[in-house]
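The structure appears below as structure tokens.
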Amino acid sequence: MTRVPVGAIDCDVHVSVPGMAALLPYMSQAWREMIVTRGTDGLELASYPAGTPLATRPDWREGERLAVVRREVLDGFGARAAILNCLHGGQAVHSEDLARALCQAVNDWLVEEWLDKDERFRASIVVPAQNPGYAAAEIDRCAKDKRFVQVQLLASNEIMLGRKYYWPIYEAAARHGLPVGIHGGSAYRHAPTSVGWPSHYLQDYVSHTMGLESALLSLMAEGVFNHVPDLRVVLIESGVSWLPGFLWRAIKSWRGLRGETPWFTTSPADLVRRHVRLTAQPFDAPGAEEVQKILAHIDCDEMLLFATDFPHWHFDGQDALPPGMPEALIRKMAVDNPLATYPRLKETLA
Ligand code: ZN
């Protein structure tokens, strides 16, 4: 077991809205009536619904959630802070107005039910990417609270994330010094694989790296980092082991084809080093030798961020770090890199 240093910052912890009814107090009278009248107040639009027990650890389902997160994540690691990422159907529903109402309610719920309950919690702003203007306004609204340290997007949306349609979101994030966290996941406008719809959770989960690879290349090729040079992107729950192979192919093809994107003048490897960070859970490598090879290929000790990804079933408890990691890198992943990636952490934890 590799020891996580005391004072670590956990960059991916999930909380889940217990049900639509929990959001009603954070919605306008008109939306409350609409949701109840439509009979949708019993819906479970949050991540980890009861019907997918494999998605999370059973103790999280059964226990009092604030107490379980405190015990397993904060006290369990002696963590200095944990960034809460709340995956919610508000980021996937088709109505952009309902999406806005839901995302606003989720963010207000996060403040009252989590951020106000423990000073070590930080959170990502859940935004309705269905309408980038609404998303930018939600970023401006929530950014007043310094405990929001990131903007949260799903990897797969209506269209690819690099398209100019989404640029108001990146501009708003940069305006407030917030990284954009792209979490593995989909609004399911398209099949999560490039060849069709899968039948099982196994296929769905494994296929998410394809979505993240495509989103990352889209950001580079469409010129997002030229347009917003200060933008920092964090790929969350993306796995890590795919990155060297992906970059090799991206660089090789970019060298031959960059004439079609004259603004794309910096190598994908350099763009990723400058603008992109990855949470290191799950790492997706079987043993110490393979982990060390992947680290050698990445060749940058500033890329990785410590995360437990609690309460996923692949949460490894105290064994949250991949095997074979050098002590100096662990210290950087757990403390230095998160502080460098999230300006608001540095500001509020100092
Ligand atoms: Zn996650």
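One-based numbering, in listed order, for ligands and for the atoms of each.
The distance from the CD1 atom of Ile169 to the CG atom of Asn157 is 7.5 Å, given to the nearest 0.5 Å.
Under a 4.5 Å side-chain heavy-atom criterion applied to ILVMFWY residues, the cluster that includes Leu202 comprises Val206 as well.
The angle Glu237:OE1 - the Zn ion (ligand 1) - His183:NE2 amounts to 90°, with values rounded to 10 degrees. Between OD2 of Asp12 and NE2 of His14, the angle at the Zn ion (ligand 1) works out to 110°, rounded to 10 degrees.
Nearest N, O or S atom of Asp309 to the Zn ion (ligand 1): atom OD1.
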Problem set entry | side-chain hydrogen bond (donor to acceptor under 3.5 Å, both in side chains) between Glu237 and Tyr205, intermediate numbers included | CA-CA 10 Å; Glu237 201 182 323; Tyr205 194 77; 2.6 Å; yes
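Taking the side chain to side chain contact (heavy atoms under 4.5 Å, CB included) definition, one finds that Arg100 meets it with Asp97, Gln104, Pro128, Tyr134, sequence neighbours left out.
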